[in-house]
Asker: 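Right, I'll just put the structure down here and ask away after.
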Amino acid sequence: MKNEKIFASAKQLGLVSCHDCHLLSRWPKPAHRQIALCPRCGGPLHQRKVHSIARTWALLLAAIILYIPANVLPMTVTTTLGSAQADTIMSGVSYFIHSGSWEIALVIFTASIFVPLMKFIILIYLLLSVQFKSVKRPKDRTVLYRITEAVGRWSMVDVYVVTILVALVKLGVLANIEAGPAAIYFASVVVITMIAAESFDPRLIWDVMEVDA
Amino acid sequence: MQQIACHECDLVHTVPKMAVGTSARCVRCGSVLFSIKAQSIDRTLAWTIAGLVLYGVAVSFPFLTMKSGAIMQQTALLSGMQQLFLQGEIVLATLVLLTCVLIPLLQMLILLYVFLPLKLNIRAIYAIPTFRLFQHFRPWSMIEIYMLGILVAIVKLAKIATIVPGLAVGAFGLLVIVLTCAISSIDTHLIWQRLGSD
Ligand SMILES: [Zn+2]
Ligand SMILES: [Zn+2]
């Protein structure tokens, strides 16, 4: 009796866990076009996030497409005494390498290139693993999801650097920095991948395990 | 004894009464189910009030000053966002303003609004939806990332000019720490129990 009770999901037991306040309550099986509300906090209840897979795919693809202009177009345009210089994310990284600040180059590279790419790859892998009903290493996949969800926001750092530079370097004809067109694309990539990670439901990883149990 | 489902794998656990300072982890996926924190309400309130003071300093005093020869360019926390706005980057300016200025402020105001009445054993109106909103804001408050951005910008400009950090930068840096402490002293489990009990 004990074992059976311990290894059951809320969904299997006909229960639902509130996403906002974590109260466990009976799943009222709302009719079509109706939503169930949490008896404690009033938040919308669903046993699994709604259209999790489709929504995550759509957002992920949008982010991947926007990531191209974010890298090709300039993040900043610097004007010094009449001559303009456009800098992309990558040229920013190589500037820091050549000027000897490799730690900063590493920060920008990790936040702006490595993290977004890793996020794309991990989310694609998680989505496919759920869609192909993989039973391999669910715990590791959950940890992977947890990391993806936590680190994504750090990609925003380059956008903030641009914000600060734009305020500081405003010396008229002598020197001036303006935000380039890539800045808004890059910011969108970060926001959209954050929402994509949030739309993915890690409980789907475990649902396959319970069918056989 | 109460039942709780893991929010990452949905496994149902029966949790016994736990001691202060301990946390319960899911036996299957290892995620934290909840933690019981000492004097959660008092500590959160104290950090929040400290945070609001630092926030006031961070927005009103000089932020960074760039000196190059005879030229001096002084900025405030909001200068960058204002400048982006003037350059026509309205969406970008709004995004930075939300994530680094408005949401952190709202977070602290919500904490004060929900926790102060709890401390006095009364209940603020709309405390439940307000606290739900707080939880949804959490990933979108990015002052610690802005702080990293400041450091990168200082290094970037160090070659061409002298950057003098103002009082506001110090306050902003402390705010990052204080807000992190405020949020990590929240005992979410306890708050929902208190808010839900009537
Ligand atoms: Zn709830
Ligand atoms: Zn779990």
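Sequence lines set the chain letters: A, B, ... in the order given, protein chains first and strands last, and positions in each chain run from 1. For clarity, every value in this text was computed on a predicted model and none was experimentally measured.
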Asker: Is Ser31(B) in contact with chain A via its backbone, its side chain, both, or neither, using a 4.5 Å heavy-atom distance?
Answerer: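 Its backbone and side chain both get close to chain A.
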Asker: Mark yes when over 12 heavy atoms from residues, nucleotides or ligands other than Phe34(B) sit less than 6.0 Å from its CZ; otherwise mark no.
Answerer: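 Above 12, so yes.
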Asker: Of the backbone (N, CA, C, O) and the side chain (C-beta and beyond), which part of Tyr145(A) lies under 4.5 Å from a heavy atom of chain B, both, or neither?
Answerer: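 Neither part.
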Asker: Side chain, backbone, both or neither: which part of Ile150(B) has a heavy atom under 4.5 Å from chain A?
Answerer: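 Both backbone and side chain.
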Asker: Does the side chain of Ser9(A) reach to within under 4.5 Å of the side chain of Leu11(B), using non-hydrogen atoms?
Answerer: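 No, every pair of side-chain atoms sits at 4.5 Å or beyond.
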Asker: What is the distance from atom SG of Cys21(A) to atom CD1 of Ile191(B), rounded to the nearest 0.5 Å?
Answerer: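 One finds 12.5 Å between SG of Cys21(A) and CD1 of Ile191(B).
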Asker: In Å and rounded to the nearest 0.5 Å, what is the CZ to CE distance from Arg153(A) to Met142(B)?
Answerer: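 Arg153(A) atom CZ to Met142(B) atom CE measures 5.5 Å (nearest 0.5 Å).
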Asker: Are side-chain heavy atoms of Met194(A) and Trp140(B) found at a separation under 4.5 Å?
Answerer: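 A side-chain contact exists here, since the closest heavy-atom pair is under 4.5 Å.
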Asker: With a 4.5 angstrom heavy-atom cut-off, which part of Leu92(B) approaches chain A: side chain, backbone, both or neither?
Answerer: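 Both parts, heavy atoms under 4.5 Å.
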Asker: Checking Val16(A) against chain B: side chain, backbone, both or neither under 4.5 Å from a heavy atom?
Answerer: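 Neither; nothing under 4.5 Å.
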Asker: Which bit of Leu23(A) is near chain B, if near means a heavy-atom gap under 4.5 Å: side chain, backbone, both or neither?
Answerer: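 No part of Leu23(A) comes within 4.5 Å of chain B.
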Asker: Measuring heavy-atom distances to chain A, does His136(B) have an atom under 4.5 Å in its side chain, in its backbone, in both, or in neither?
Answerer: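 Answer is side chain: those atoms of His136(B) sit under 4.5 Å from chain A.
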Asker: Should Val157(A) and Tyr146(B) count as side-chain neighbours, where that means a heavy-atom distance under 4.5 Å?
Answerer: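 Side chain of Val157(A) against side chain of Tyr146(B), heavy atoms only: no contact under 4.5 Å found.
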Asker: Does atom CH2 of Trp192(B) have more than 12 heavy-atom neighbours, drawn from other residues, nucleotides or ligands, at distances under 6.0 Å?
Answerer: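 Yes - once you tally the heavy atoms of other residues, nucleotides and ligands closer than 6.0 Å, there are more than 12.
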Asker: Taking side chain as everything from C-beta outward and backbone as N, CA, C, O, which of these in Leu64(B) sits under 4.5 Å from a heavy atom of chain A? Side chain, backbone, both or neither.
Answerer: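 Contact with chain A involves both backbone and side-chain atoms of Leu64(B).
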Asker: Who among Ala5(B), Ala153(B), Cys9(B), Gly149(B) has the most heavy-atom pairs with chain A under 4.5 Å?
Answerer: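 Answer, by heavy-atom pair count under 4.5 Å with chain A: Cys9(B).
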Asker: Return yes when atom CD of Gln39(B) has more than 12 non-hydrogen atoms of other residues, nucleotides or ligands closer than 6.0 Å, and no otherwise.
Answerer: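 Atom CD in Gln39(B) is not crowded, with 12 or fewer foreign heavy atoms closer than 6.0 Å.
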Asker: Quick check for you: among Leu204(A), Ile205(A), Val191(A), which has the greatest number of heavy-atom pairs under 4.5 Å with chain B?
Answerer: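 Between Leu204(A), Ile205(A), Val191(A), the count favours Val191(A).
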Asker: Need one label for Lys156(B): side chain, backbone, both or neither, based on atoms under 4.5 Å from any heavy atom in chain A.
Answerer: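 It is both, since atoms from each part get that close.
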Asker: May I ask you to name which of Pro181(A), Gly43(A), Gly42(A) has the most heavy-atom pairs under 4.5 Å with chain B?
Answerer: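 Option with the top pair count is Gly43(A).
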Asker: Of all the heavy-atom pairs spanning Arg132(B) and Pro44(A), show the shortest one and how long it is.
Answerer: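 For Arg132(B) versus Pro44(A), the nearest heavy atoms are NH2-CD, 3.6 Å.
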Asker: Out of the candidates Arg48(A), Lys11(A), Gln47(A), only one should pair with Asp10(B) under the side-chain hydrogen bond (donor to acceptor under 3.5 Å, both in side chains) rule; please name it.
Answerer: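 Filter result, single survivor: Arg48(A).
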Asker: Pick one of side chain, backbone, both or neither for Ile145(B), based on which atoms fall under 4.5 Å of a heavy atom in chain A.
Answerer: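 Answer is both: backbone and side chain atoms of Ile145(B) are under 4.5 Å from chain A.
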Asker: Start with the C-alpha gap between Met66(B) and Lys170(A), add the side-chain angles, then the distance that decides, and say whether side-chain contact (heavy atoms from CB on, under 4.5 Å) holds.
Answerer: CA-CA 10 Å; Met66(B) 186 173 86; Lys170(A) 209 177 56 182; over 6 Å; no
Asker: Is there side-chain contact between Thr99(B) and Tyr160(A), with heavy atoms separated by less than 4.5 Å?
Answerer: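 Counting from C-beta outward, Thr99(B) and Tyr160(A) do come under 4.5 Å.
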Asker: Any chance you could measure Ile128(B), atom CD1, to Asp20(A), atom CG, to the nearest 0.5 Å?
Answerer: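 Here the rounded value is 11.0 Å.
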Asker: Ring centroids only, cut at 6.0 angstrom: are His7(B) and His19(A) within range, meaning strictly under it?
Answerer: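 No, the ring of His7(B) stays outside the 6.0 Å limit from the ring of His19(A), centre to centre.
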Asker: Rounded to the nearest 0.5 Å, what separates atom CG in Leu195(B) from atom SG in Cys41(A)?
Answerer: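 Rounded to the nearest 0.5 Å, the CG-SG separation comes to 10.0 Å.
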Asker: Among Ala179(A), Pro39(A), Ser188(A), which residue forms the greatest number of heavy-atom pairs with chain B at distances under 4.5 Å?
Answerer: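 Greatest number of close heavy-atom pairs with chain B: Ala179(A).
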Asker: Can you tell which part of Leu157(B) gets under 4.5 Å to a heavy atom of chain A, answering side chain, backbone, both or neither?
Answerer: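 Contact with chain A involves the side chain of Leu157(B) alone.
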Asker: Would you please go through residues 72-89 of chain B and name the residues with a non-hydrogen atom below 4.5 Å from one of chain A, in numerical order?
Answerer: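 Against chain A, the residues of residues 72-89 of chain B that fall inside the cut-off (heavy atoms, under 4.5 Å) are Gln73(B), Thr75(B), Ser79(B), Gly80(B), Met81(B), Gln83(B), Leu84(B), Gln87(B), Glu89(B).
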Asker: Tell me, side chain or backbone of Gln135(B) under 4.5 Å from chain A's heavy atoms, or both, or neither?
Answerer: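 It is the side chain, since no backbone atom gets that close.
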Asker: Write out, in numerical order, the residues from residues 162-169 of chain A with a heavy atom short of 4.5 Å from a heavy atom in chain B.
Answerer: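 Residues in range: Thr163(A), Ile164(A), Leu165(A), Val166(A), Ala167(A), Leu168(A), Val169(A).
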Asker: Between Ser99(A) and chain B, which part of the residue has a heavy atom less than 4.5 Å away: side chain, backbone, both or neither?
Answerer: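 Contact with chain B involves both backbone and side-chain atoms of Ser99(A).
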Asker: How about Glu144(B) and Trp154(A): do any of their side-chain heavy atoms sit closer than 4.5 Å?
Answerer: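 A side-chain contact exists here, since the closest heavy-atom pair is under 4.5 Å.
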Asker: Decide yes or no on side-chain contact (heavy atoms from CB on, under 4.5 Å) for Thr142(A) and Arg28(B), but give the supporting numbers first.
Answerer: CA-CA 10 Å; Thr142(A) 309; Arg28(B) 186 163 74 170; over 6 Å; no
Asker: Do Arg146(A) and Cys29(B) touch side chain to side chain, with heavy atoms closer than 4.5 Å?
Answerer: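 The answer is yes, as the side chains (C-beta and beyond) meet within the 4.5 Å cut-off.
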